[in-house]
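For reference, the structure is listed below as structure tokens.
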Amino acid sequence: MNVETDIITLTRFILQEQQKLAPNATGELSLLLNSLQFAFKFIAHNIRRAELVNLIGISGTANSTGDVQKKLDVIGDEIFINAMKSSNNVKVLVSEEQEDLIIFEGGGRYAVCTDPIDGSSNIDAGVSVGTIFGIYRLKDDSKGSINDVLRKGTEMVAAGYTMYGASAHLMLTTGNGVNGFTLDTQLGEFILTSPNLRIPQKRAIYSVNEGNSYYWPESHKRYIEDLKKPQDDLKGKPYSARYIGSMVADIHRTLLYGGIFAYPADTKSKNGKLRILYECFPMAMLMEQAGGSAVNDKGERILDILPKGIHDKSGIWLGSKGEVDKFLTYIK
């Protein structure tokens with residue numbers, strides 16, 4: 001029987017990265033990442049049990065952005081709040097499920113922005129959902145305020161998501177590339193399975209909700225229409241359409257296989273649907289760190305946006321650099 005005995009767990013990886021890249025660091029970010037992985041394991045455990053213990057269904061409240069909350073969303077949010085609070089390393093928490101930001105007591109030096117369970121409307125159908133997160137380090141004189149998170153995405157120190165599917169997959173960047181981990185439920189550990197992940201430079205796959213195309217600007221319509229035509233560089237084949245409708249699942253596939261994922265703004269949702277702080281920024285950082293690209297509807301770099309409110313939204317186009325560059329030629 002072949003058993004791999006020298007496996008790299010997330011905890012080991014975090015410690016090794018700190019020793020290699022920041023030997024003089026305080027270790028606070030490493031501790032915070034360990035608190036995060038506990039939250040991911042706890043949420044993964046609850047999602048696996050969800051159908052059995054009847055957590056699925058409406059809890060009777062709406063969240064800050066007006067979505068009807070599922071029971072599982074509430075539990076995911078509570079798990080996240082408690083994990084961040086008990087870590088003692090987090091001062092400010094922004095959650096999609098909370099109207100206002102939460103400020104914790106103590107001397108935490110980090111701000112965390114999260115969508116605790118993204119895509120929860122799909123969970124009854126067994127579609128993968130996930131947790132998205134972005135992390136900022138507080139400025140030295142900060143006592144914890146909204147200004148700690150109303151910053152450009154370029155200032156984040158770490159970002160990622162955990163997708164809860166057949167397995168729980170964690171994609172993480174701390175600004176030195178992207179590494180992928182898979183939760184081994186027998187060991188209770190996230191194992192490094194995709195070291196230094198790179199997105200393909202081009203791939204003939206597009207992922208967008210075409211049900212909204214009536215409301216799109218002409219440039220967007222023309223771009224997608226052209227992808228459906230036979231492509232000279234693909235031996236006469238058109239692009240393939242792949243759309244799951246759960247952002248984490250769509251981005252996960254795009255990261256692994258390449259292509260482009262888009263959720264543009266339109267005349268119905270003039271600012272787009274996806275939230276900048278805890279959806280657009282973390283995914284854009286991951287894409288860029290994997291060699292991809294992420295822009296808004298005007299072609300501006302997502303990570304250069306300066307949000308004015310914690311639940312601000314943006315249109316977004318992200319994925320393989322070659323595919324995003326192709327989109328840019330349509331809007332210039």
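The shortest side-chain heavy-atom distance between Ile251 and Leu318 falls under the 4.5 Å cut-off. Leu197 has its side chain within reach of Leu256: a pair of non-hydrogen atoms, C-beta onward, lies under 4.5 Å apart. Side chains of Leu33 and Thr174 form a contact here, defined as non-hydrogen atoms less than 4.5 Å apart. Side-chain atoms of Ile205 and Ile260, non-hydrogen and from C-beta on, never get closer than 4.5 Å to each other. When side chains are defined from C-beta on, Asp266 does not count as touching Tyr214, because their heavy atoms never get closer than 4.5 Å. Between Leu93 and Gln98 there is no side-chain heavy-atom pair separated by less than 4.5 Å. Side-chain contact between Pro264 and Trp216 is present, with heavy atoms from C-beta onward closer than 4.5 Å. Side-chain contact between Asp312 and Leu277 is absent, with no heavy atoms from C-beta onward closer than 4.5 Å.
Heavy atoms only, all atoms of each residue included: Lys91 and Lys143 are closest at CE-O, 3.0 Å. Here the closest non-hydrogen pair linking Ser314 and Ile276 is CB-CG1, 3.7 Å. Across every non-hydrogen atom of Tyr278 and Ile310, the tightest pair is CE2-O, 3.6 Å. Taking every heavy atom of both residues into account, Val129 and Asp118 meet most closely at CB-O, 3.3 Å. Smallest separation of non-hydrogen atoms from Leu303 and Lys152: O-CB, 3.6 Å. For Gln201 against Ser320, the heavy-atom pair with the smallest separation is O-CB, 3.2 Å.
Qualifying salt bridge (Lys or Arg N to Asp or Glu O under 4.0 Å) partners for Arg198, counting only residues two or more places apart in sequence or in other chains: none. For Leu31, the side-chain contact (heavy atoms from CB on, under 4.5 Å) partners two or more places apart in sequence, or in a different chain, are Asn89. Under the rule for a salt bridge (Lys or Arg N to Asp or Glu O under 4.0 Å), the partners of Lys20 that lie at least two apart in sequence or sit in another chain are Glu17. With sequence neighbours excluded, no residue forms a salt bridge (Lys or Arg N to Asp or Glu O under 4.0 Å) with Lys202. Partners of Phe38 according to the ring-ring contact (aromatic ring centres under 6.0 Å, His included) rule, which considers only residues two or more places apart in sequence or in another chain, are Phe42. In this view, Lys228 and Glu210, Glu225 satisfy the salt bridge (Lys or Arg N to Asp or Glu O under 4.0 Å) rule, not counting sequence neighbours. Under the ring-ring contact (aromatic ring centres under 6.0 Å, His included) criterion, Phe327 pairs with His220, Tyr223, Trp317, not counting sequence neighbours. For Asn271, the side-chain contact (heavy atoms from CB on, under 4.5 Å) test picks out Lys313, with sequence neighbours left out. A search for side-chain contact (heavy atoms from CB on, under 4.5 Å) contacts involving Thr254 returns Ile199, Phe261, Met287, not counting sequence neighbours. Remark: Arg222 engages Asp226, Tyr330 in a side-chain contact (heavy atoms from CB on, under 4.5 Å) (not counting sequence neighbours).
Between the side chains of Thr173 and Glu288, no donor-acceptor pair is found at a separation under 3.5 Å. With no hydrogens or angles considered, a side-chain donor-acceptor pair links Ser142 and Asp148 at under 3.5 Å.
With hydrogens and angles ignored, the 3.5 Å screen pairs no side-chain donor or acceptor of Glu300 with any backbone N or O of Ile305. In this structure, the side chain of Asp73 does not engage the main chain of Pro116 through any donor-acceptor pair within 3.5 Å. With Ser246 contributing its side chain and Ser128 its backbone, the two residues share a donor-acceptor pair below 3.5 Å. Formation of a donor-acceptor pair under 3.5 Å by the Arg275 side chain with backbone atoms of Asp115 is not found in this model. Within the 3.5 Å criterion, the main-chain N or O of Ile43 finds no donor-acceptor partner in the side chain of Asn46.
The NZ atom of Lys71 sits 14.0 Å away from atom CD1 of Ile117, with the distance rounded to the nearest 0.5 Å. Here the straight-line distance linking atom CG of Leu10 with atom CG of Leu192 works out to 9.0 Å at 0.5 Å rounding. Gln16 CD to Thr9 OG1: the interatomic distance, rounded to the nearest 0.5 Å, is 8.5 Å.
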* side chain to side chain contact (heavy atoms under 4.5 Å, CB included) between Phe190 and Leu172, intermediate numbers included -> CA-CA 12 Å; Phe190 278 100; Leu172 173 68; over 6 Å; no
* Please walk me through it: do Gln18 and Ser30 pass side-chain hydrogen bond (donor to acceptor under 3.5 Å, both in side chains)? -> CA-CA 7 Å; Gln18 185 193 317; Ser30 297; 2.6 Å; yes
* Evaluate side chain to side chain contact (heavy atoms under 4.5 Å, CB included) for Arg12 paired with Leu15, printing each intermediate quantity in order. => CA-CA 5 Å; Arg12 173 179 160 186; Leu15 293 172; 6.0 Å; no
* To do: Report the C-alpha separation of Thr131 and Tyr164 in whole Å, then their side-chain angles, then the decisive distance to 0.1 Å, and conclude whether the side-chain hydrogen bond (donor to acceptor under 3.5 Å, both in side chains) test is met.
  => CA-CA 8 Å; Thr131 302; Tyr164 311 105; 2.7 Å; yes
* For Ile81 and Glu78, run side chain to side chain contact (heavy atoms under 4.5 Å, CB included): C-alpha distance rounded to whole Å, both residues' side-chain angles, the deciding distance at 0.1 Å, then the answer. => CA-CA 5 Å; Ile81 291 169; Glu78 285 174 6; 5.7 Å; no
* To do: Evaluate side chain to side chain contact (heavy atoms under 4.5 Å, CB included) for Leu36 paired with Met84, printing each intermediate quantity in order.
  => CA-CA 7 Å; Leu36 278 170; Met84 296 303 93; 3.7 Å; yes
Side chains of residues 175-184: which donor-acceptor pairs under 3.5 Å do they make with residues two or more places apart or in other chains?
unit_1, atom_1, unit_2, atom_2, d
Asn179, OD1, Asn196, N, 2.9
Thr182, OG1, His169, ND1, 3.4
Thr182, OG1, Thr193, OG1, 2.9
Asp184, OD1, Gln186, N, 2.9
Asp184, OD1, Leu187, N, 3.1

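Within 6.0 Å of CG in Asp233 there are more than 12 heavy atoms belonging to other residues, nucleotides or ligands. More than 12 heavy atoms of other residues, nucleotides or ligands lie within 6.0 Å of NZ in Lys326, so this atom counts as buried by the packing criterion. Within a 6.0 Å radius of NZ in Lys41, more than 12 heavy atoms belonging to other residues, nucleotides or ligands are found. Heavy atoms from other residues, nucleotides or ligands lying under 6.0 Å from NZ of Lys268 number more than 12. Residue Tyr243 places its OH atom among more than 12 non-hydrogen atoms of other residues, nucleotides or ligands, all under 6.0 Å distant.
In this pair, Tyr161 and His252 present their aromatic rings perpendicular. The plane angle is above 60°, beyond the 30 to 60° band.
Judged as a ring-ring contact (aromatic ring centres under 6.0 Å, His included), the pairs with a partner in residues 104-159 (not counting sequence neighbours) are, in order, Phe40-Phe133.
With respect to the salt-bridge test (charged N to carboxylate O, under 4.0 angstrom), the residues Glu155 and Lys139 qualify. A salt bridge does not link Lys273 with Glu279: none of the charged nitrogens is closer than 4.0 Å to a carboxylate oxygen.
By the criterion of side-chain heavy atoms lying less than 4.5 angstrom apart, applied directly or through intervening Ile, Leu, Val, Met, Phe, Trp or Tyr residues, Leu328 is grouped together with Leu227 in one hydrophobic cluster.
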